[in-house]
Each structure stands twice: as structure tokens, then as C-alpha cells.
There are 2 protein chains.
Amino acid sequence: MRPLYHPALEDITVQGLLYAMSDPIRVRICAELAQAEGTMNCAAFLPNGKTKIPKSTLSQHFKILREAGLIRSERKGVELKNSSRCPELRKKYGPMLTEILQAYANEGKESKR
Amino acid sequence: MRPLYHPALEDITVQGLLYAMSDPIRVRICAELAQAEGTMNCAAFLPNGKTKIPKSTLSQHFKILREAGLIRSERKGVELKNSSRCPELRKKYGPMLTEILQAYANEGKESKR
DNA sequence: TCCACTTGTTCTATATTCCCGAACTATTGA
DNA sequence: TCAATAGTTCGGGAATATAGAACAAGTGGA
């Protein structure tokens, strides 16, 4: 198993961030982690009732989020502790990420009405 | 030639917007149009010196931007008048788009240093 | 120590999407 | 009517995404 790559703050690109966030599964992961204020393992997103996402697919999504710079993952025994890099990113990009997550959140609310 | 489809403001999704903006060519188009305050035809992006983009590719990019809701295109004789929908989008999403375009613009500046 | 179990990654095949040249449509102006 | 211009559509090869299967690595109990 190769080590987990995390880009330095200055190597993160807007393009990478937006691409990573242009997928509903990834943005959900991103939003949950940003709210969590702590860490979550990957499997936490698997048995979410409604959507059965194969774990190989999930693994890819986490990799994309990680390499885009949106999340940080540390191996802790057999599992992965994922945390949001949004606080760092806010220093570089200001309220951009917050606005995007907010927009997604509002959209979710509307569709439930 | 089928008519140009433009989503209504309420049918525009964050996912569609972010996907459309996760491509360097499209975001450049988007940024130029947003700044232009007027309209531009597609061909204006073709002979931009450095990058030679085939027009079939450009046509696809404009279509994606249009169907994501980022731009509006009207046939005017043989050409297309493209304009930014950012003002409308700001009403729906607040400063999100502005923040994203700003972030791209800053990135451009940094890379030139 | 051995082994079953859990979490996540890698491999591989299929499916989907993207890119770009070529052919095409539609409009204008000579 | 015909050539020129601006975009679109089509088709095939390249790149990407998805998901099942095999694998790797750590944990804990017998």
C-alpha cells in the first residue's frame, strides 16, 4: 500500500477543488466532514441506508478529494481517519468553499419540500 | 439545428455549475463573459494566440456552459451572441460565483510571477 | 501463534464521457 | 446563385469512471 498523498496548500488548484466538488457523492462526503469538526472513516459513508456505493468506488472518491486538497486522511490501524481541510482552504480562498457548501445545503433543503 | 436550451433559474444546479467551471477553457470563457458586460461570439475565443482550440470542441464547451446555466446564447444571424448569466445567478447563490471567478483570477496572477 | 474479521486499496473489464477532424446546416453578402 | 462565415453534429479513438474480485494490512480472540 502506497503512502497517502496530500498536496501542500500552495499546490491546491481551484480547478481541482471544483472538479472534486462537482460530484454528488464527493460533495456529500465533503459537507459531512466539514460539519463534523472531527474525523470519520470511509466506511461511515457506506451503509447510509439509501445509497449503496461499492467500497472500491468510495475509495476512489476519497482519493480524489484527498488529492484535490479537500480532505486529509491518516491511517489509524486498519481504518482511515478523514478530516476536512476547509479551515486551511479558507485562509487561501476566503469564503469560497463555505459558499459552495452552503449552496449545496440549500439545494438539498429545497428538493425536500 | 435544434433550438438552444437554457435552463430556468430554478432548474440550475450547483453540481452543474461546478462541473462546468472545473475546466480551464470553460472557466476562461465564463470569466471573460462576466467581465465583458456585453456579448461575445464563440469565434472570439478561437484565435486567442496561445491556445488553438478546435471549434467543435469549443461548441461543446459553450453548450455545457449554456446548459449549466452560466451563459445565455442567442442566434443573431449566422453567429451567436453569448452573455453571462452571473447577475441572475448572484440572486440565487449570492457571492459564490464571484468568489470562484476571483479565485481563478488570483491563481492566474500567481502563476505569472 | 494462528486465523478469522475488518478496512481500505489495487486490478481488471466494461461503460461512459471527452476530444477533435470531417461533414453538415444555416445565414449573409456579393 | 454561390462562396464565405459561424456553429453544430457525427463518428471513432483516447481518456475516465464504475464496480466486482482479489489483495494488503492491522486487530483481536482462541
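So you know, we letter chains A, B, ... as the sequences are listed, proteins then strands, and number each from 1.
- Atom CD1 of B:Ile71 and atom P of D:dG7 are 11 Å apart (whole Å).
- Among residues at least two apart or in separate chains, side-chain hydrogen bond (donor to acceptor under 3.5 Å, both in side chains) pairs with a member in residues 89-103 of chain B are B:Arg90-B:Thr98.
- Between C:dT9 and A:Ser59, a contact under 4.0 Å exists linking OP1 or OP2 to a side-chain N or O.
- In this structure, the CG atom of B:Leu58 is 17 Å from the P atom of C:dA22, given to the nearest Å.
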### Query
For every nucleotide of nucleotides 18-30 of chain D, 5' to 3': is a protein heavy atom under 4.0 Å from its base (B), only from its sugar-phosphate (S), or from neither (-)?
SBBB--BBSS---
### Query
So A:Asp23 and A:Ile64, side-chain contact (heavy atoms from CB on, under 4.5 Å) or not? Walk me through it.
CA-CA 11 Å; A:Asp23 176 279; A:Ile64 288 170; over 6 Å; no
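- Atom pair B:Asn41:CG and C:dT27:C1' shows a separation of 14 Å (rounding to whole Å applied).
- Using a 4.5 Å cut-off on side-chain heavy atoms (C-beta onward), A:Thr13 and A:Leu18 make no contact.
- Taking 4.0 angstrom as the limit, A:Arg66 places a side-chain polar atom (N or O) nearer than this to OP1 or OP2 of C:dT9.
- For the atom pair NZ of B:Lys81 and CD1 of B:Ile71, the computed distance is 14.0 Å after rounding to the nearest 0.5 Å.
- For the pair B:Glu74 CD and D:dA6 P, the computed distance is 18 Å after rounding to whole Å.
- For the pair A:Lys63 NZ and C:dT9 C1', the interatomic distance rounds to 9 Å; values are reported in whole Å.
- Here the P atom of nucleotide D:dT9 and the CD1 atom of B:Ile64 are 13 Å apart, to the nearest Å.
- The nearest whole Å value for the distance from the OH atom in A:Tyr19 to the P atom in D:dA15 is 15 Å.
- Counting all heavy atoms, side chain and backbone alike, A:Ala8 lies closest to A:Arg85 at C-NH2, 4.2 Å.
- Annotation: cation-pi geometry satisfied between B:Arg26 and B:Tyr19 (NZ/CZ under 6.0 angstrom from ring centroid, within 45° of ring axis).
- Taking atom CZ of B:Phe62 as the reference point, atom P of C:dC19 lies 14 Å away to the nearest angstrom.
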